[in-house]
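Data block below; observations after.
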Amino acid sequence: IFIFSVSLQSEVYRMEMADGAENMNDSTMALLGRARVYCASDEQCASAVRQKLRAWGADGCQVDDIVDRLTDEGYLDEERYARAYCESKMLRSGWGRLKVAYQLRLKQLPRAAVDAGMAAVDDEAYMAVLEQAAMKKAATLRGADDAERRRKLTAFLAQRGYTMDEINQVITKTLQQ
C-alpha cells in the first residue's frame, strides 16, 4: 500500500507540473495535490471533497477552484459516484431505494445523478437482496401469530429503506415459506 501511495503521489506531482498550474499559489497547489490523492484512492462526491478541503484549511475561493479543477480533470464525477454508491449500498449492504436516495440527497448530489445511480442497479439483483434479507430476518422472528411476524418484518424492511410495494411483494412470499 505504501509503494502505491508513493507512486500515486509522484504521478500527481508530475501531472501538476505538466498541466500549467502557474496561476495557482503554492498552498492551493499543495491542497490540490492532496485532493487528487484523496479522490484517486476512493470514489468521492464534491461535498465530501469540499468538507475535507475546509478541514485542511482551505478558504472558500480555494475550495471552489480546486473542486472545479478536480471535476475538469475527471477526479470528481457526481454520476459515477452515485452509481458506485447505489451499487454498494443496495446490493452489498442491503439498503432500500428510499434510504439510498435520502443519503445521496444529504451528500448534496444533483437529482439527475441520483436518478442515474438508481437506474444503474439491476432490479433482479436488488429484489434478490431484498428477498434474502427478508428470509434471514423471518427466520429469527418470534411472534404469537402471522400478523405479529408480518408487522415485525415490515418494520425491519421499512427501516432498511424499502418501499411498501417492495415490502408487501416480498413478505407474502417469505411468510408462506
Under 6.0 Å from the NZ atom of Lys52, do we count more than 12 heavy atoms belonging to anything else shown?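 Atom NZ in Lys52 is not packed in, count stays at 12 or less.
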Neighbour count >12 (heavy atoms, 6.0 Å) for atom CG, Asp26: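 No, CG of Asp26 has 12 or fewer neighbouring heavy atoms, counting only those of other groups under 6.0 Å.
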Do Tyr102 and Met164 sit in one hydrophobic cluster, given that two such residues count as connected whenever their side-chain heavy atoms are within less than 4.5 Å of each other, even indirectly?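 The answer is no; the residues belong to distinct hydrophobic clusters.
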Is there a path of hydrophobic side-chain contacts, each under 4.5 Å between heavy atoms, that joins Leu130 and Leu98?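 They do not share one cluster, since no chain of ILVMFWY contacts under 4.5 Å joins Leu130 to Leu98.
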Give the minimum heavy-atom separation between [X] and [Y], together with the two atoms involved.
X      : Y      : answer
Cys39  : Leu76  : SG-CD2, 3.9 Å
Val170 : Ala134 : CG1-CB, 3.5 Å
Thr174 : Ala138 : CG2-CB, 3.6 Å
Ala113 : Leu109 : CB-CD2, 4.4 Å
Ala158 : Ile167 : N-CD1, 3.5 Å
Ser27  : Asn25  : OG-OD1, 3.0 Å

Could you check if a side-chain atom of [X] sits within less than 4.5 angstrom of a side-chain atom of [Y], using non-hydrogen atoms only?
X      : Y     : answer
Val67  : Leu53 : yes
Val114 : Cys86 : no
Glu87  : Arg92 : yes
Lys99  : Lys89 : no

Donor-acceptor pair, Thr140 side chain versus Lys137 backbone, under 3.5 Å?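 Pair found, side chain donor or acceptor close to backbone of Lys137.
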Keeping the roles fixed (side chain from Arg80, backbone from Gly74), state whether a donor-acceptor pair exists under 3.5 Å.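 Checked: pair present.
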Atom [atom1] of [X] and atom [atom2] of [Y]: how far apart are they, to the nearest 0.5 Å?
X      : Y      : atom1 : atom2 : result
Lys152 : Thr154 : NZ    : OG1   : 12.5 Å
Ile171 : Asp146 : CD1   : CG    : 11.0 Å
Gln51  : Cys45  : CD    : SG    : 9.0 Å
Glu73  : Ile66  : CD    : CD1   : 10.5 Å

Salt bridge or not for [X] and [Y], using N-O below 4.0 Å?
X      : Y      : answer
Arg83  : Glu43  : no
Asp145 : Arg151 : no
Asp64  : Arg50  : yes
Arg142 : Glu148 : no

Carefully, step by step, assess Gln62 and Asp65 under the rule side-chain contact (heavy atoms from CB on, under 4.5 Å). CA-CA 5 Å; Gln62 285 178 316; Asp65 291 344; 5.8 Å; no
Does one side chain, of Asp165 or Thr163, offer a donor that lies under 3.5 Å from an acceptor on the other?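 Side chains of Asp165 and Thr163: no pair found under 3.5 Å.
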Report yes or no: do Thr71 and Asp68 form a side-chain donor-acceptor pair below 3.5 Å?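 Per modelled atom types, Thr71 and Asp68 side chains form no pair under 3.5 Å.
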Set out, in order, the CA-CA distance, both residues' side-chain angles and the distance that settles side-chain contact (heavy atoms from CB on, under 4.5 Å) for Val49 and Val63, then state yes or no. CA-CA 9 Å; Val49 172; Val63 169; over 6 Å; no
Any chance you could lay out the side-chain contact (heavy atoms from CB on, under 4.5 Å) test for Met90 and Met118, step after step, and finish with the verdict? CA-CA 9 Å; Met90 293 166 84; Met118 294 290 196; 3.9 Å; yes
For Gln44, the option from Tyr81, Tyr38, Tyr75 that meets side-chain hydrogen bond (donor to acceptor under 3.5 Å, both in side chains):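 The side-chain hydrogen bond (donor to acceptor under 3.5 Å, both in side chains) with Gln44 is passed solely by Tyr38 among Tyr81, Tyr38, Tyr75.
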Please evaluate residues Glu166 and Arg97 with respect to the criterion salt bridge (Lys or Arg N to Asp or Glu O under 4.0 Å), reporting the C-alpha separation (whole Å), side-chain torsions for both, the decisive distance (0.1 Å), and the verdict. CA-CA 10 Å; Glu166 295 166 343; Arg97 295 179 197 280; 3.2 Å; yes
Can you confirm if the aromatic rings of Phe156 and Tyr162 lie within a centre distance of less than 6.0 Å?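 No: the rings miss the under 6.0 Å criterion.
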Is it possible for you to check whether Arg160 lies under 6.0 Å from the centre of the six-membered ring of Trp95, through NZ or CZ, and within 45° of that ring's axis?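 No, Arg160 and Trp95 do not form such a contact.
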As a quick check of understanding, evaluate side-chain contact (heavy atoms from CB on, under 4.5 Å) for Glu78 and Gln108, giving each step before the final call. CA-CA 10 Å; Glu78 300 289 6; Gln108 303 167 355; over 6 Å; no
